[in-house]
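So the structure is just underneath, and the comments pick up after that.
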2 protein chains.
Amino acid sequence: MNRPAILPVLLALSSAAALAQSATQSSVPPAPTSVFGYKDFSQQAKWDAAFQAIPDSKLAGEHLKTLTKAPHWASSPEDYATAEYVAAKFKAAGLQTEIVPYKVLLNKPVKIVIEAFDATGAKLMSGPSPEHVDPTKDGGDPFQDDPRILPAFNGSSPSADIAAEVVYANYGTPADFKKLADLGVDVKGKIVIVRYGANYRGIKVYDAQKAGAAGVLIFSDPEDDGYFRGDKYPKGPYRPDSAVQRGAVQFLPIYPGDATTPGIASTPNLPDSQRIPADKIQANWPSIPSNPLSYKDAAPILEALGGPAAPHAWQGALPFAYHVGGGPKIMVHMHLEQDTKLRTIWDVIGTIPGTDPAEKNDWVVAGNHRDAWVYGAVDPNSGTAAMLETVHGLGDLLKQGWKPKRTIVIGSWDAEEEGLIGSTEWVEAHPTQLRNAVAYFNTDVGVSGPNFNASAVPSLKQFVREVTREVPSPAGGTVYDQWLKGQTDRRNESEDEGGATRGARPAGRNGGTAGEIRIGDLGSGSDYTPFLQHQGVPATDIGSGGPYGVYHSVFDNYNWFIKNADPTFVYEQQQARVFGLEILHMADADVLPYDYQAYGTQLKGYIEAAKSRSSAMGLDFAALESAANRFAAAGVVIRQRQLTPSNTATLNTALRSAEDALLDPAGLPHRAWYKHTIYAPGEFTGYAAVVIPGVNEGIDAIDKARTQTQIESLTAAVNRSAAILEAAAK
Amino acid sequence: MNRPAILPVLLALSSAAALAQSATQSSVPPAPTSVFGYKDFSQQAKWDAAFQAIPDSKLAGEHLKTLTKAPHWASSPEDYATAEYVAAKFKAAGLQTEIVPYKVLLNKPVKIVIEAFDATGAKLMSGPSPEHVDPTKDGGDPFQDDPRILPAFNGSSPSADIAAEVVYANYGTPADFKKLADLGVDVKGKIVIVRYGANYRGIKVYDAQKAGAAGVLIFSDPEDDGYFRGDKYPKGPYRPDSAVQRGAVQFLPIYPGDATTPGIASTPNLPDSQRIPADKIQANWPSIPSNPLSYKDAAPILEALGGPAAPHAWQGALPFAYHVGGGPKIMVHMHLEQDTKLRTIWDVIGTIPGTDPAEKNDWVVAGNHRDAWVYGAVDPNSGTAAMLETVHGLGDLLKQGWKPKRTIVIGSWDAEEEGLIGSTEWVEAHPTQLRNAVAYFNTDVGVSGPNFNASAVPSLKQFVREVTREVPSPAGGTVYDQWLKGQTDRRNESEDEGGATRGARPAGRNGGTAGEIRIGDLGSGSDYTPFLQHQGVPATDIGSGGPYGVYHSVFDNYNWFIKNADPTFVYEQQQARVFGLEILHMADADVLPYDYQAYGTQLKGYIEAAKSRSSAMGLDFAALESAANRFAAAGVVIRQRQLTPSNTATLNTALRSAEDALLDPAGLPHRAWYKHTIYAPGEFTGYAAVVIPGVNEGIDAIDKARTQTQIESLTAAVNRSAAILEAAAK
């Protein structure tokens with residue numbers, strides 16, 4: 001899933017030069033002499049070096065080629081074949097390995113027809129068009145004609161056979177629907193056509209459903225990831241005319257995972273009585289049908305729309321003036337036949353048992369999903385290929401005699417695309433064990449180009465920066481060096497990286513000070529969500545990005561990858577190393593390397609921003625500010641204690657419990673599955689994080705009573721956490 | 001000429017509603033009781049009311065229809081017919097009228113061929129395509145097939161028959177050419193294709209010539225004024241695919257007017273010995289050929305370009321990824337046959353002699369150009385139609401017994417499009433008389449929609465605001481009310497009005513305080529330039545704008561106008577009234593209503609901004625700051641004196657001389673024709689004003705010695721002006 005930011009072409013241009021240097025410059029940089037969490041880093045430095053020697057770019061390329069040789073939609077036989085491949089690699093590396101099945105609700109398209117007619121009844125288009133590029137130009141595409149490719153569809157869309165007038169609603173945000181109402185255009189009973197961008201596609205459907213629409217078509221505007229950004233595939237990396245962005249429209253911010261089992265695991269033997277029947281799901285599946293469209297198919301509909309001119313900000317890059325509709329009736333017929341039933345999916349779980357008696361029950365979990373809408377070369381199997389080389393490296397260390405203190409669990413998740421299902425069900429199956437999990441490390445889109453990026457909880461931002469200082473970049477220097485350089489160049493080019501966090505001050509947003517690398521907050525769109533936001537496991541997410549316009553289309557395949565992302569797989573190798581060092585450091589640190597000092601600073605910034613923007617509401621922030629000051633002060637003290645620990649086992653238990661204490665068992669208003677008081681996916685953004693979500697979304701709703709209650713819950717959580725840190729620091 | 005800002009569609013939508021109200025609401029608002037410059041306004045208020053009753057919307061529509069019935073390029077028989085029409089109207093109103101000929105250098109296209117070929121030699125396009133819209137859709141266009149339409153061409157382009165590789169250079173700014181060099185793309189000997197926007201087209205050619213290009217093609221990107229803005233004509237007001245923006249590429253910021261006679265008038269009998277021979281003109285005509293293109297004709301060239309991807313900011317709204325070229329050679333053949341020779345043009349000059357013995361030699365000049373690239377419904381004849389109704393009103397006042405104190409001169413300029421030629425030659429013919437001219441009031445694009453706009457010297461900004469408070473708006477209230485509302489709405493919509501002034505602080509830029517209407521500075525692109533910037537006559541420029549995408553094309557015609565701009569000519573009537581009140585007030589004021597207090601404030605702001613942005617250069621601003629403080633202090637004192645004048649004749653002479661003193665007889669570096677020390681068109685922008693130009697352009701060139709010299713010249717000018725004001729205030 002994991003919607004990537006579209007990075008400027010500028011940066012991608014450096015990749016060829018970078019690759020040319022990689023042979024000579026990827027020597028491992030000198031190990032640091034001191035690393036937060038270690039009393040003495042010298043032994044770990046040796047293991048790090050031994051580990052980094054193993055991940056192999058060529059093998060990563062072979063994994064990628066094998067994993068992506070066929071479309072492998074979750075629950076398909078081809079998906080199971082990839083589970084077996086991954087399990088075999090886990091076993092070969094010496095991991096205790098099992099393939100763990102779950103039975104979950106998935107819709108599979110049987111027949112998808114989208115047609116449009118003008119006011120005279122004449123047909124404007126009939127689709128969806130096959131995703132196809134000219135085979136005679138720029139090498140064509142060798143993967144586009146596979147009969148196993150499913151028609152482009154939306155996960156979680158109901159079946160439907162409806163015809164209705166169509167109107168254009170920009171990104172489908174609440175503000176967009178309000179604007180339509182202001183223009184006098186009624187969306188009730190209409191099919192709305194909206195464009196990708198600005199929010200998670202499920203939110204578009206959520207908003208449209210709330211506005212009374214009868215159905216939704218979601219198209220890829222060339223402004224977003226098509227020719228407006230650069231050359232189209234196969235000439236360049238951007239979306240060709242016929243390419244469709246598939247994707248789930250599950251209401252992820254309500255709850256993710258199998259829609260029939262919120263909060264519990266969809267094990268194969270779970271009795272039906274414990275499931276919500278498919279036809280009774282209301283909270284996180286839409287009731288109205290939706291389907292994605294290419295801009296080739298969307299253009300004739302949009303061009304035919306009359307009515308008011310689209311507001312200038314709604315104009316995209318198709319070569320005509322957009323209108324919102326509401327003039328002569330343009331009708332759309334959506335015929336969607338979905339085969340919606342419980343299907344079996346397969347997580348692959350590999351374990352390396354911990355050996356320290358005091359720490360071995362504390363899991364370090366790392367994972368990546370494996371299922372793809374079609375071939376999934378970038379999303380997600382560039383991550384899988386890197387992860388398999390991480391596992392390769394861990395296996396080699398085991399052979400060299402390394403024994404981790406803590407237990408390492410590697411997950412290859414299934415059905416992430418449908419709504420983080422494989423990871424969510426597994427998390428829901430292990431609530432007790434995960435209370436002791438010390439970290440979850442995620443990677444999804446592992447590699448689409450040379451630009452390293454990361455998101456993390458505040459307590460792990462410095463941890464990620466430290467790890468990247470040890471790993472060489474194919475472009476020269478370390479990953480950290482190139483990451484910092486890229487952020488500086490992009491700042492100078494005034495390009496935004498996307499993924500803004502709502503409710504955070506710009507300065508505090510990424511938890512970095514000037515001259516330091518900015519690291520994003522965790523919103524949603526990938527498998528860290530159940531770990532962090534439901535279970536309270538501190539998490540990070542890493543990737544390496546570049547111009548990538550074929551997201552969730554047939555063209556996200558091996559041919560695209562080797563032409564555009566990483567022809568020699570050196571960034572695969574880099575990502576395997578970074579991912580591995582995250583696991584190694586967390587598994588072996590004497591003291592858990594959480595930085596509660598940084599967490600405190602960031603939390604105070606979130607509260608200050610919320611207070612400032614709600615000043616007209618008359619809310620009482622005093623107790624919360626006291627609690628945050630207390631938490632921040634405790635963070636400063638505990639950070640000193642971590643440098644010179646006495647009883648590490650007790651200290652580590654407290655450090656982990658302090659994050660757990662930030663969960664509110666009651667969960668967020670009308671989405672109780674989300675328990676974390678500091679981070680959640682935004683109810684109206686989906687991908688982007690909203691910080692102190694109970695408070696900020698109460699402010700958005702201009703609901704004083706609700707917000708004050710949420711301030712109190714947050715105050716209690718912060719005080720709980722501060723008390724734990726204070727006790728441990730004594 | 002007068003490149004209009006493309007206003008947001010939003011505002012235009014209000015015009016229909018506005019028109020619906022006009023019948024009931026255009027009653028004249030109550031006259032003000034006190035107006036700056038008048039000891040007693042009561043008599044003037046009566047004349048104002050009598051005047052405002054005369055301008056007639058229906059007659060304005062008839063003028064427009066007659067003036068635009070045929071293409072009337074300067075020097076053509078149809079142009080002469082419009083001179084005769086205007087002269088007849090002047091005479092009918094009782095003006096002393098003459099048609100004043102000048103002989104000036106103009107190029108007329110005989111044959112224009114633009115062809116492009118791909119790397120294999122296959123033809124990509126052959127043009128220019130005829131400007132044509134589908135006659136069966138949206139009413140078609142009744143004017144497009146007239147055989148008298150000249151092919152689209154650039155005024156001042158030499159003839160040429162060249163073939164060269166083509167590269168894309170964005171807007172053709174110095175920064176764009178630098179970027180191309182950074183990308184490793186050499187423009188020497190190439191034909192550069194550049195898009196309209198950001199600067200005056202002659203500057204594009206100026207920059208390209210400096211960069212060593214062999215030729216220039218200038219195309220209208222749909223992002224600028226085509227479908228990206230809204231519906232194309234004839235469905236909407238924006239540029240259709242085949243429409244070309246003609247225009248002069250004369251190097252206007254060096255000097256305007258007839259290229260053969262800088263500084264002197266091109267009277268019919270001027271001996272050749274006093275002219276620069278056509279083949280010896282170097283300063284203000286390009287040496288390389290250029291031609292405009294429609295986006296229909298530009299698209300195949302741009303789409304074929306290889307080489308580096310265009311920087312993201314260079315991407316326009318054509319439906320493919322732009323490249324800069326420099327890959328496989330795309331060749332362009334430009335065959336331009338220009339018949340370049342001295343041709344006769346005709347200004348029409350109408351005079352109403354002044355009657356006050358002390359003031360009658362002080363002219364109030366008002367003008368508008370009459371020539372058009374094709375039909376010129378908006379540019380310029382919407383201004384001409386309004387001006388003729390102004391003259392109609394003045395004539396009626398004369399019949400009612402009104403006698404102006406000062407002499408009024410109305411000019412209908414010719415060959416403005418080729419480089420402000422008619423006005424420049426007339427100004428150059430009257431240097432002595434114009435030293436006493438108290439104002440020049442310009443209008444060019446009189447009406448393209450309902451949004452009133454104005455630019456002025458600082459001393460006349462408040463004067464314009466006052467006048468608009470007396471004139472009813474067809475949208476209700478006064479012109480001032482709607483103008484203020486429009487600016488507020490646009491500010492709230494975060495839309496920029498365009499036309500930024502370089503070197504001015506945002507706050508000081510438009511000379512207004514918060515809540516007050518902002519008025520732009522005078523750059524260039526219309527006939528106020530010779531009056532203000534060469535001769536030192538305080539000037540204003542007014543218009544009424546709206547969405548207007550057919551600038552300088554065949555489609556700027558009567559059919560476009562009545563569909564989009566002003567179907568019932570009520571804004572024509574409004575503009576005739578505002579223009580007329582400017583003339584009346586300036587002709588009859590007791591004391592010249594110049595606001596030197598505002599001028600001083602604005603000047604100090606300009607100096608502060610220049611000092612701040614050049615802080616690293618070590619310039620000495622002390623003497624200049626003293627002079628500006630002195631000038632500002634004198635402005636405060638003189639403004640009080642203007643309220644209670646004793647000897648008005650002496651005071652008025654001083655007030656006029658204070659502006660004259662701001663001229664520097666030496667002129668600006670390498671463009672000595674421009675004498676004004678405070679305002680000039682930017683050497684690298686053309687349309688936009690650069691304030692304190694000698695200083696700011698010295699800073700741009702990072703030339704300390706030159707800048708310091710310019711600071712000294714400016715200091716001297718400001719002190720001269722301050723001394724005059726001080727003496728008059730005693």
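All values below come from the heavy atoms of this structure, side chains included, with hydrogens, waters and symmetry mates left out. Treat the numbers as computed from the prediction; the structure is a model and nothing was measured. Each chain gets a letter, A, B and so on, in the order the sequences are listed, and its residues count up from 1.
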**Message:** Less than 4.5 Å to any heavy atom of chain B: does that hold for the side chain of P222(A), its backbone, both, or neither?
**Reply:** neither
**Message:** More than 12 heavy atoms of other residues, nucleotides or ligands under 6.0 Å from NZ of K329(B): yes or no?
**Reply:** no
**Min side-chain heavy-atom separation R229(A)-Q315(B) under 4.5 Å** = no
**Asked** Of all heavy-atom pairs between A321(A) and G230(B), which one has the smallest distance, and what is that distance?
**Response** CB-C, 3.1 Å
**Message:** Are F320(A) and K232(B) packed together at the side-chain level, in the sense that at least one heavy-atom pair is separated by less than 4.5 angstrom?
**Reply:** no
